[in-house]
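Both ligands and their constituent atoms are indexed starting at 1 by order of listing.
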Amino acid sequence: MHRIIKEKLPRHIAIIMDGNGRWAKKNLLNRIMGHKKGAESVRLVVKTCRELGIQYLTLYAFSIENWQRPENEVRALSSLLEEYLRLELQEMKKTNIKLITIGDTGKLPETVKDVLLDVMEKTSENRGMVLNLALSYGGRDEIVDAAKRILRDSKSTDIDENAITKDFFSGYLHTANIPDPDLLIRTSGEYRLSNFLLWQLAYTELYFTDVLWPEFSRDDLIEAIMDYQRRERRFGLISDQLSKE
Ligand code: IPE
Ligand code: IPE
Ligand code: MG
């Protein structure tokens, strides 16, 4: 049994799933096999988060920079994604999970886009948990895109300079309707954000583990959540100012 405090669950967990390639190398396999094994961790983590009652789970599945990887790897990643979506639709329906995406998904191959749209449509009424996949996602790209759209809108409707608040700006990001992450997990011993949710992570608690993504277990997830629950989120205040439960 775990010792997670139900009342203090992170509402939104975001994960940079890293280390598939190194896991493959360690096991004398090719990188693609690492991604295949990584997909099993995705299933496990989605299931566990749902069971624990996490409301939002964002997974960094493919960055805008990842397009520059060797063509065969990019192709394998997109077919794995397609396979994952096809296989998981029933499970998402059964467990009441709603699928959404962030990122420049227009760049994805047509077949992947078709399955994505299908799964999103068929799960759109689900309220158990939101599974948000970051696909072809870049944080800086998202911010530039928001600025462009504000400029475009300002041409058709009058936008006063003072109307551009943080909330207003957030409304133009791909994450417009979801709260900022409370906890960010990055696996594989890398300590960087790699262009992930740059705006949204402003006050997120960061958790790094050496575990490679294909080996990330239910216990590793629980440990990350327990670590989060031991922290004090001060948001710039001093300890005494925070209301104690
Ligand atoms: C994460 O694993 C998966 C993606 C970025 C798509 P990597 O493929 O980055 O694995 P490493 O970093 O090479 O070990
Ligand atoms: C970040 O991992 C992107 C995903 C997990 C999808 P990378 O492996 O691409 O990041 P870098 O290149 O090590 O910064
Ligand atoms: Mg990596």
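Judged by the shortest distance from any of its heavy atoms, A61 lies inside the 4.0 Å radius around the atoms of ligand 1. No heavy atom of Q68 sits closer than 4.0 Å to any atom of ligand 2.
In summary, the side chains of S136 and D104 do not present any donor paired with an acceptor at a separation below 3.5 Å, with no hydrogens or angles considered. For T111 and D114, the side-chain atoms include no donor-acceptor pair closer than 3.5 Å. With 3.5 Å as the limit, one finds no donor-acceptor pair spanning the side chains of S170 and D167.
Comment: E223 engages R230 in a salt bridge, judged by a side-chain N to carboxylate O separation of less than 4.0 angstrom. The pair R50-E91 fails the salt-bridge criterion, with no side-chain N (NZ, NE, NH1 or NH2) lying under 4.0 Å from an Asp/Glu carboxylate O.
Heavy-atom proximity to atom 3 (C) of ligand 1, evaluated over N20, L80, L212, I16, is greatest for N20. When the heavy-atom distances from atom 7 (P) of ligand 2 to R69, R192, E190, R22 are ranked, the shortest goes to R69.
For ligand 1 and N66, the ligand atoms under 4.0 Å from any heavy atom of the residue are 5 (C).
With 2.8 Å as the limit, E190 does not count as an N, O or S neighbour of the Mg ion (ligand 3).
When hydrogens are left out, the protein atom nearest atom 5 (C) of ligand 2 is M17 O, 3.3 Å; that is the closest non-hydrogen contact. Residue, atom and distance of the protein heavy atom nearest to atom 6 (C) of ligand 2 are Y60 O, 3.3 Å.
For atom 12 (O) of ligand 2, no protein heavy-atom neighbour is found at a distance under 4.0 Å.
Within D18, the N, O or S atom lying nearest to the Mg ion (ligand 3) carries the name OD1.
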